[in-house]
Amino acid sequence: RHRRLLLLAPLFALMAVAIKLESAGPVFFRQERVGRHGRPFRIFKFRTMVHRAEETDVPQAQRNDPRVTRLGRFLRAKSLDELPQIFNVLRGDMSLVGPRPHALAHSEKYASLIDDYLGRHRMAPGITGWAQVNGFRGETDTLEKMQRRVEYDLAYIDGWSVGFDLKILMQTALCVMFDRNAF
């Protein structure tokens with residue numbers, strides 16, 4: 001199983017070199033997120049923004065965000081920045097499919113604003129999810145968008161099956177190829 005990961009090594013190396021050549025800072029972005037049963041874990045992503053070591057509270061990315069690097073725009077558009085989350089899956093922090101994990105601050109904020117928000121933590125978070133393939137990928141700049149995302153997350157949890165996961169993985173591949181909602 002882990003041997004298959006070796007096939008990704010050249011791609012990881014190429015992206016790591018490109019990130020280092022484009023801007024100073026670490027290759028990986030790490031951030032505490034909320035996982036299954038509300039347990040925090042550290043998520044891994046390729047860094048797509050200009051690194052500012054002094055920042056501890058990183059606001060959510062927005063369309064035309066000046067912090068996103070040129071390479072970062074491409075990585076985000078094709079969801080390649082998410083690939084290091086494979087390591088989160090191998091560690092047992094995440095699954096391939098499930099509700100996307102939110103930052104600790106976002107989780108605290110929305111838990112008090114949205115009914116059954118914490119219900120999304122009944123399952124391990126995923127690299128992709130039902131909400132993402134239904135247009136709720138990227139910025140959630142309004143309470144209504146977050147409510148809709150949570151509705152899809154809860155519907156996924158209630159209707160979970162292996163077949164449902166396979167459907168979401170197939171739809172994710174199509175979204176990555178044709179969706180313009182990542183930035």
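Nothing fancy with the numbering, it's 1 onward along the sequence. Hydrogens, waters and symmetry mates play no part in the numbers below; they use all other heavy atoms, side chains included.
Here the side chains of Arg122 and Ile157 are in contact, with some heavy-atom distance below 4.5 Å. A heavy-atom distance below 4.5 Å is found between the side chains of Leu143 and Tyr110. Looking only at side-chain heavy atoms (C-beta outward), Glu32 and Phe41 stay at 4.5 Å or farther from each other. At least one side-chain heavy atom of Pro40 sits less than 4.5 Å from a side-chain heavy atom of Leu104. A 4.5 Å side-chain heavy-atom check between Arg47 and Val27 finds every atom pair outside the cut-off. Between Ile43 and Gln85, some side-chain heavy-atom pair lies under the 4.5 Å cut-off. Between Ser107 and His121 there is a side-chain heavy-atom pair separated by less than 4.5 Å.
Interatomic distance, Leu83 CG to Lys78 NZ, rounded to the nearest 0.5 Å: 13.5 Å. Atom CD in Gln147 sits 11.5 Å away from atom OG1 in Thr140 (nearest 0.5 Å). A distance of 10.0 Å separates OG1 in Thr48 from CD in Glu22, rounded to the nearest 0.5 Å. To the nearest 0.5 Å, the span separating CG on Leu166 from CD on Gln171 amounts to 11.5 Å. To the nearest 0.5 Å, atom CZ of residue Arg148 and atom CD1 of residue Ile114 are 12.0 Å apart. The structure places CG of Asp165 at 6.0 Å from OG of Ser95, a figure rounded to the nearest 0.5 Å.
Residues Ile86 and Phe46 share a single hydrophobic cluster, defined by chaining ILVMFWY side chains whose heavy atoms lie under 4.5 Å apart. When the side chains of ILVMFWY residues are joined at heavy-atom separations under 4.5 Å, either directly or via intervening members, Leu11 and Leu75 end up in a single hydrophobic cluster. With hydrophobic clusters built from ILVMFWY side chains whose heavy atoms lie under 4.5 angstrom apart, Met15 shares a cluster with Leu8. Val50 is not connected to Leu21 by any chain of hydrophobic side-chain contacts under 4.5 Å among Ile, Leu, Val, Met, Phe, Trp and Tyr, and they are in different clusters. Both Trp130 and Met94 belong to a common hydrophobic cluster when Ile, Leu, Val, Met, Phe, Trp and Tyr are linked at side-chain heavy-atom distances under 4.5 angstrom.
Using modelled atom types, one finds a donor on one side chain and an acceptor on the other under 3.5 Å when comparing Arg33 with Gln31. Donor-acceptor pairing under 3.5 Å is lacking for the side chains of Tyr156 and Asn134. In this structure, a donor-acceptor pair under 3.5 Å is absent between the side chains of Thr128 and Arg137.
Judged by distance alone, the side chain of Arg36 and the main-chain N or O of Pro125 form no donor-acceptor pair under 3.5 Å. Although no hydrogens or angles enter the test, the distance criterion places no donor-acceptor pair under 3.5 Å between the side chain of Glu82 and the main chain of Ser79. Between the side chain of Lys20 and the backbone N or O of Gly25, at least one donor-acceptor pair lies under 3.5 Å.
Counted within 6.0 Å of CZ on Phe164, heavy atoms from surrounding residues, nucleotides or ligands total more than 12; the atom is thus considered enclosed. The 12-atom threshold is exceeded at NZ of Lys45, counting heavy atoms of other residues, nucleotides or ligands nearer than 6.0 Å. Counted within 6.0 Å of CG on Asp115, heavy atoms from surrounding residues, nucleotides or ligands total 12 or fewer; the atom is thus considered open.
Contact between Pro84 and Leu80 at its shortest, heavy atoms only, is CD-O, 4.2 Å. The shortest non-hydrogen separation linking Ala131 to Asp153 is CB-OD1, 3.7 Å. Across all non-hydrogen atoms, the minimal contact from Gly119 to Leu154 is C-CD2, 3.6 Å. Taking each heavy atom of Val133 and Ile168 in turn, the nearest pair found is CG1-O, 3.8 Å. Pairing each heavy atom of Thr69 with each of Met49, the nearest pair is CG2-C, 3.9 Å. Taking each heavy atom of Asn88 and Arg42 in turn, the nearest pair found is ND2-O, 2.9 Å.
A tilted orientation is assigned to the rings of Tyr152 and Phe136, their planes being inclined by 30° to 60°.
A salt bridge links Asp141 with Lys145: the closest approach of a Lys/Arg side-chain nitrogen to an acidic carboxylate oxygen falls below 4.0 angstrom.
Between Phe87 and Phe12, the distance from one ring center to the other falls under 6.0 angstrom.
A cation-pi contact, defined as under 6.0 Å to the ring centre and within 45° of the axis, links Arg120 to Tyr117.
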